[in-house]
Number of protein chains: 2
Amino acid sequence: MPTIISDAAKRSGVSAKMIRYYESIGLLPQVDRTENNYRTYSESDIHTLRFVRRARDLGYSISNIKHLLSLWRDQHRASADVKRIALDHANSLRHKITEMEAMLQAVEHLAEHCRGDHRPDCPIMDDLAVGLTAPTRGPGIRAHQGTHGRYASQKGLRA
Amino acid sequence: MPTIISDAAKRSGVSAKMIRYYESIGLLPQVDRTENNYRTYSESDIHTLRFVRRARDLGYSISNIKHLLSLWRDQHRASADVKRIALDHANSLRHKITEMEAMLQAVEHLAEHCRGDHRPDCPIMDDLAVGLTAPTRGPGIRAHQGTHGRYASQKGLRA
DNA sequence: GATAGGCTCTACCACCATGGGAAGGTCAAT
DNA sequence: ATTGACCTTCCCATGGTGGTAGAGCCTATC
């Protein structure tokens, strides 16, 4: 009784959908098929699926997992390579966490000062509306914008 | 000199690309056009763009922002509605942060115990390979799977 | 007046991961 | 024979964002 995809999914914790997807993008090798064209999974395949599952649970990106899988299969890997991937990932996690904590802090602070009643006035709204904070993503005032004239007129013919 | 999209982008911190996108999905209203069909932005439009920018910076989803915008425009809003959106968002931020902190903790812990040298053995790999942890996302063992026979044979004719 | 450069417009494609579903095939149990 | 539970491939949607191609428009400069 060969292990077909639903069993592999159950045993690995990776959905059948995702198994096919991972195969299609080359993260997983193409597995054997039965006569009916059903995918079959060996114990080793299941093992690989569990590996991927665990790596996803730890938040590794697909490309990182691709790399980790190749290191896994490499008898002569240097643990330094594995460690570097892990540390890079840890850094990016830390970075994202820091960002989200800043958001959380701001949102919570604002919410604390909102009465939350039937009246309209609300510091949360004020913050959004005023936009006190300096833009961090976009460019501030960029030099030489050359605002001369690049429009026709504003007769405002709106459809 | 009407404010065209690039100026609106500079002044709001929202890229022209995103301004068009937000308009296309109905987050922003359709603005006036010049004779050449160029979008023009009033001070009030810029204000709205800044609102959206700020909300994105705080991590609000597009649908939340849509809601917040409508509350913003509603003179008779209840601050309780605004607060609820903010608190829900704070909760989802907290949830994600918690998840990522768990990942970070696990990855860091493993990395600490990896020598990171030329040798292949590595606790990070061991963790991934063994998959000790119980699956959290997928179903464990689900009842009545009825694994009788749903394959043909495994002669393994591979392509 | 022609041309170059910079801006606009729309309409696509790509990313990352995942889920949903349709349409058709296959198998075992009833 | 029908039912139901699988399988297969293919397409669509999500959320935001970037890129790019092809076309139009405007201004400055030659």
Side-chain angles (χ1 to χ4, degrees), chain A residues 1-10 13-28 30-41 52-53 55-66 92 96 137-138 142 144-154 159, chain B residues 1-10 13-28 30-41 52-53 55-66 92 96 137-139 142-154 159:
Chain A
M1 50 186 334
T3 304
I4 64 178
I5 200 166
S6 61
D7 298 327
K10 278 168 205 152
V14 181
S15 73
K17 202 84 189 184
M18 280 301 102
I19 295 175
R20 293 193 197 99
Y21 171 67
Y22 291 154
E23 185 186 307
S24 81
I25 62 170
L27 177 64
L28 299 176
Q30 302 210 287
V31 294
D32 284 346
R33 305 279 188 131
T34 64
E35 275 181 351
N36 339 324
N37 203 31
Y38 288 11
R39 289 171 180 80
T40 53
Y41 293 86
V52 171
R53 174 73 205 294
R56 291 293 306 139
D57 282 351
L58 290 175
Y60 287 100
S61 68
I62 298 282
S63 69
N64 272 344
I65 298 177
K66 209 173 279 194
S92 94
K96 284 179 208 150
R137 216 180 325 183
R142 257 195 309 226
H144 48 61
Q145 17 187 340
T147 310
H148 303 300
R150 45 198 191 289
Y151 41 83
S153 90
Q154 50 183 0
Chain B
M1 45 175 354
T3 304
I4 63 177
I5 201 166
S6 60
D7 299 325
K10 277 169 204 149
V14 182
S15 74
K17 199 85 192 188
M18 279 303 100
I19 295 176
R20 294 193 197 100
Y21 172 67
Y22 292 153
E23 185 186 306
S24 80
I25 61 171
L27 177 63
L28 299 176
Q30 303 209 288
V31 294
D32 285 345
R33 304 279 189 133
T34 64
E35 275 181 352
N36 342 324
N37 203 31
Y38 286 12
R39 289 170 181 82
T40 54
Y41 293 86
V52 171
R53 174 73 205 294
R56 290 294 305 141
D57 282 351
L58 290 177
Y60 287 101
S61 70
I62 298 283
S63 68
N64 272 344
I65 297 176
K66 209 174 279 194
S92 96
K96 284 179 208 150
R137 215 181 326 182
R142 258 193 309 224
H144 48 62
Q145 14 188 341
T147 311
H148 304 299
R150 46 198 190 290
Y151 41 82
S153 91
Q154 50 183 359

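Letters A, B, ... mirror the listed sequences (proteins, then strands); counts begin at 1.
Between the C1' atom of C:dA17 and the NZ atom of B:Lys96 lies a distance of 15 Å, rounded to the nearest Å. For the pair B:Asn64 CG and D:dG15 C1', the interatomic distance rounds to 13 Å; values are reported in whole Å. Between the C1' atom of D:dT8 and the CZ atom of A:Arg33 lies a distance of 8 Å, rounded to the nearest Å. Separating the CD1 atom of B:Ile19 from the P atom of D:dG18 is a distance of 12 Å, rounded to the nearest angstrom. Between A:Ile4 atom CD1 and C:dT26 atom P the separation is 15 Å, expressed in whole Å. Look at CD1 on B:Ile25: it is 10 Å from P on D:dT14, rounded to the nearest Å. When the C1' atom of C:dA17 is taken as reference, atom CZ of A:Arg53 falls 14 Å away, rounded to whole Å. In this entry the distance linking CD of A:Gln30 with C1' of D:dT8 reads 14 Å, nearest Å.
Between C:dT8 and B:Thr34, no contact under 4.0 Å exists linking OP1 or OP2 to a side-chain N or O. A sub-4.0 Å separation between OP1 or OP2 of C:dT18 and a side-chain N or O of A:Arg56 is present. At the phosphate of D:dG24, neither OP1 nor OP2 sits under 4.0 Å from any side-chain N or O atom of B:Tyr38. Phosphate contact (OP1/OP2 of C:dT18, side-chain N/O of A:Tyr22, threshold under 4.0 Å): present. Remark: A:Asn36 is not in phosphate contact with C:dG25, judged by side-chain N or O atoms under 4.0 Å from OP1 or OP2. Taking side-chain N and O atoms only, B:Ser6 has a distance below 4.0 Å to OP1 or OP2 of C:dT8. Checking the phosphate oxygens (OP1, OP2) of C:dT8, no side-chain nitrogen or oxygen of B:Arg39 falls inside 4.0 Å. A:Ser15 has a side-chain polar atom (N or O) that falls below the 4.0 Å cut-off from OP1 or OP2 of C:dG19.
Judged by atom type and distance alone, B:Lys17 does not reach the base of D:dG16 through any side-chain donor-acceptor pair under 3.5 Å.
Note that CE of B:Met18 is 9.5 Å distant from CZ of B:Arg56, once rounded to the nearest 0.5 Å. Between atom NZ of residue B:Lys66 and atom CG of residue B:Leu28 there is a gap of 10.0 Å, rounded to the nearest 0.5 Å.
Out of C:dA17, C:dG19, D:dT9, the shortest distance to the side chain of A:Arg20 is found at D:dT9. Checked against D:dT8, C:dC9, D:dT17, the side chain of B:Tyr21 finds its nearest nucleotide in D:dT17.
Legend: residues meeting side-chain contact (heavy atoms from CB on, under 4.5 Å) with B:Lys17, ordered by chain and number and at least two apart, are B:Ser15.
For the pair B:Ile62 and B:Tyr22, the minimum side-chain heavy-atom distance is below 4.5 Å. For the pair B:Lys96 and A:Lys96, the minimum side-chain heavy-atom distance is 4.5 Å or more.
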